[in-house]
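We count ligands from 1, going down the list as the structure has it; atoms in each ligand are counted the same way. Throughout, residue positions are numbered sequentially from 1 according to the sequence presented. Here the structure is a predicted model, which means the values were calculated and not measured. Values below: every heavy atom of this structure, side chains too, minus hydrogens, waters and symmetry copies.
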Amino acid sequence: MAEHPHVHDHDSPEGLVSVEDARERVLAAVKSLAPLELPLTDAYGCVAAHDIVATIDLPEFASSGMDGYAVRAADVEGASPKQPVELVVVGRSRIGHRPDVTVGHNEAVQIATGAPIPAGADCIVPVENAEAAERAVRLFEAPPMGKHVRPAGEDVKTGQVLVPAGKRLGPPELGLLANAGHPAPMVHPRPRVVVLSTGDELIAPTETPDFGQVRDSNAYTIFGALREAGAMPVLAGIVADDVEQLKEMVFAYEVQADAFISSGGVSVGERDVVKAAFFRRGDVEFYRVAMQPGMPQGFGHVEGKPYWGLPGNPVSVFVSFEQFVRPAILKMMGRTNLGRPEITAVLTHDVSGPKGKMQFARVVVQRTREGWRATPTGARGSNLISTVARANGLAMIPPGIEMAPAGSQVRVQVFRSSED
Ligand code: AMP
Ligand code: MG
């Protein structure tokens with residue numbers, strides 16, 4: 001880290017990397033996953049890797065927009081309730097079948113909504129304006145050519161782009177692609193991310209702790225955050241503070257992982273197992289970011305897969321996932337808008353920040369008649385996970401500012417909507 005050109009940030013204490021630089025380094029080091037043809041139900045929420053182009057017209061054939069009679073406009077000219085025109089019914093066009101009749105001069109074909117227009121016909125008289133007779137029909141309306149006909153290619157023409165490269169497939173895109181005969185579009189897949197929790201003190205949340213033991217919370221925070229970002233979390237469980245055990249676990253999951261996230265064990269203590277396992281191995285680096293919470297961070301590649309060594313404190317995990325992991329996961333999925341929406345809000349209370357570090361204060365943002373208000377949800381300790389659970393935003397108190405007073409403006413990253 002020391003030789004990295006951006007670390008000489010005069011606002012921050014010696015040796016700290018700014019949040020922006022740390023994020024840039026991560027983003028520069030991850031690539032979007034190679035595109036795959038995925039069935040539509042798996043492709044949902046994924047980003048199109050190329051322009052997806054129509055190979056057919058939509059609709060593919062002209063069909064009727066009404067139940068009624070397919071006729072020639074010229075044959076019913078002048079028809080009215082007082083002066084109906086009588087045509088010979090030569091057959092019917094059923095939905096889902098090629099018509100086996102054509103409409104000749106003074107002929108009509110009975111037709112259902114959605115059924116193909118038989119050759120020769122150029123408009124539809126709805127059944128409400130018709131009266132069936134013996135092998136004939138009396139029509140009371142003179143529709144213009146094309147009336148109630150849904151022409152082929154009205155929606156999409158062959159060669160037109162259905163979904164542009166870079167677009168995320170939402171519900172309407174799935175429907176359109178299905179209709180246009182693209183059952184397995186080329187998309188960037190969702191990364192499978194293996195999640196590990198390190199710490200001798202940790203137990204599963206289903207267990208009852210002995211004194212001093214702690215139920216693993218980080219794995220679940222990360223699970224939810226990955227799901228929310230669109231990735232596929234794989235919970236590998238808890239690893240003791242044992243270098244060999246950690247390495248074994250990581251290598252055991254290597255084949256199925258697109259990336260790894262561990263929490264804990266990245267500080268400077270002798271038990272800091274992630275650092276001990278991966279420092280100067282592969283190319284994982286450990287550095288300190290000018291932020292609170294979340295200062296110690298590890299990031300790099302293990303066996304060619306991105307590896308995040310997040311700090312252990314539960315709030316640090318959430319905040320550093322938001323700053324460094326989420327944007328990178330989105331990039332891996334081919335997305336281009338990588339940040340959360342940001343707003344400017346007025347603080348309702350004083351918020352103090354550590355000198356020379358960006359403070360991410362957990363807040364609830366609310367829109368009032370006077371604009372956005374941000375209310376801190378609790379103290380700043382990085383172990384206070386309930387302060388995140390109550391929040392919907394992270395207010396950023398920049399490095400130079402040690403006290404942002406009530407009434408001052410702050411930028412806030414909004415990580416969920418107020419209804420959620
Ligand atoms: P570490 O970075 O490993 O020293 O952990 C810092 C603090 O976070 C310690 O108090 C740990 O007990 C706590 N911690 C670490 N991992 C977890 C976890 N998965 N769930 C809950 N707390 C954790
Ligand atoms: Mg630990």
Side-chain angles (χ1 to χ4, degrees), residues 1 15-17 22 193-228 231 233-250 253 257 259-279 284-300 302 307-326 354 357 359-360 362 378-391:
M1 272 317 295
L16 298 194
V17 189
V193 185
V194 171
V195 180
L196 304 130
S197 300
T198 71
D200 286 342
E201 75 282 24
L202 299 179
I203 57 165
T206 48
E207 291 173 47
T208 306
D210 288 335
F211 184 79
Q213 290 186 317
V214 175
R215 292 187 187 88
D216 175 10
S217 106
N218 294 344
Y220 299 91
T221 304
I222 296 169
F223 174 90
L226 284 168
R227 272 286 182 86
E228 195 257 357
V234 178
L235 295 191
I238 296 165
V239 216
D241 289 317
D242 178 296
V243 171
E244 287 315 310
Q245 202 184 321
L246 173 64
K247 285 202 261 184
E248 244 171 60
M249 186 77 118
V250 169
Y253 279 91
F260 293 94
I261 303 173
S262 66
S263 63
V266 293
S267 315
V268 289
E270 58 187 72
R271 306 242 54 177
D272 284 311
V273 62
V274 176
K275 196 166 180 179
F278 295 118
F279 186 56
V284 183
E285 292 200 80
F286 294 84
Y287 46 96
R288 299 189 310 148
V289 182
M291 68 192 276
Q292 198 283 319
M295 182 176 70
Q297 296 285 334
F299 173 73
V302 172
Y307 186 110
W308 283 270
L310 303 183
N313 274 304
V315 183
S316 309
V317 160
F318 181 80
V319 172
S320 40
F321 185 98
E322 284 285 311
Q323 306 314 311
F324 309 126
V325 187
R326 188 173 185 277
K357 292 183 194 164
Q359 155 84 0
F360 288 96
R362 285 76 72 193
R380 113 185 172 197
S382 57
N383 54 333
L384 307 176
I385 183 71
S386 80
T387 62
V388 183
R390 283 192 295 272

Which residue supplies the protein heavy atom nearest to [atom], what is that atom called, and how far is it?
| atom | value |
| --- | --- |
| atom 16 (N) of ligand 1 | N218 ND2, 3.3 Å |
| atom 14 (N) of ligand 1 | G312 O, 3.3 Å |
| atom 11 (C) of ligand 1 | E201 OE2, 3.0 Å |
| atom 4 (O) of ligand 1 | D272 OD1, 4.3 Å |
| atom 10 (O) of ligand 1 | N313 OD1, 4.3 Å |
| atom 19 (N) of ligand 1 | D216 OD1, 2.8 Å |

How about [X] and [Y]: do any of their side-chain heavy atoms sit closer than 4.5 Å?
| X | Y | result |
| --- | --- | --- |
| F299 | F324 | no |
| M295 | P311 | no |
| V266 | K275 | no |

Can you tell me if R390 has over 12 outside heavy atoms packed within less than 6.0 Å of its CZ? yes

What distance separates Q213 CD from T208 OG1, expressed to the nearest 0.5 Å? 9.5 Å

State the CG-CZ distance between L226 and R326, to the nearest 0.5 angstrom. 10.5 Å

Closest non-hydrogen atom pair, F286 against G298: CD2-CA, 3.7 Å

List the atom of G378, the atom of T387, and the distance in Å for their closest heavy-atom pair. CA-CG2, 3.9 Å

I'd like the name of whichever of D200, T198, V214 reaches closest to atom 22 (N) of ligand 1 through any heavy atom. V214

For G265 and ligand 1, answer yes if some heavy atom of the residue is under 4.0 Å from a ligand atom, otherwise no. yes

If the contact criterion is a heavy-atom separation under 4.0 Å, does A219 count as touching ligand 1? no

Note: ligand 1 atoms sitting under 4.0 Å from heavy atoms of G264 are 2 (O), 3 (O)

At less than 4.0 angstrom from any non-hydrogen atom of S217, what atoms of ligand 1 do you find? 18 (C), 20 (N), 21 (C)

Residue portion contacting ligand 1 (non-hydrogen atoms closer than 4.0 Å) for N383: neither

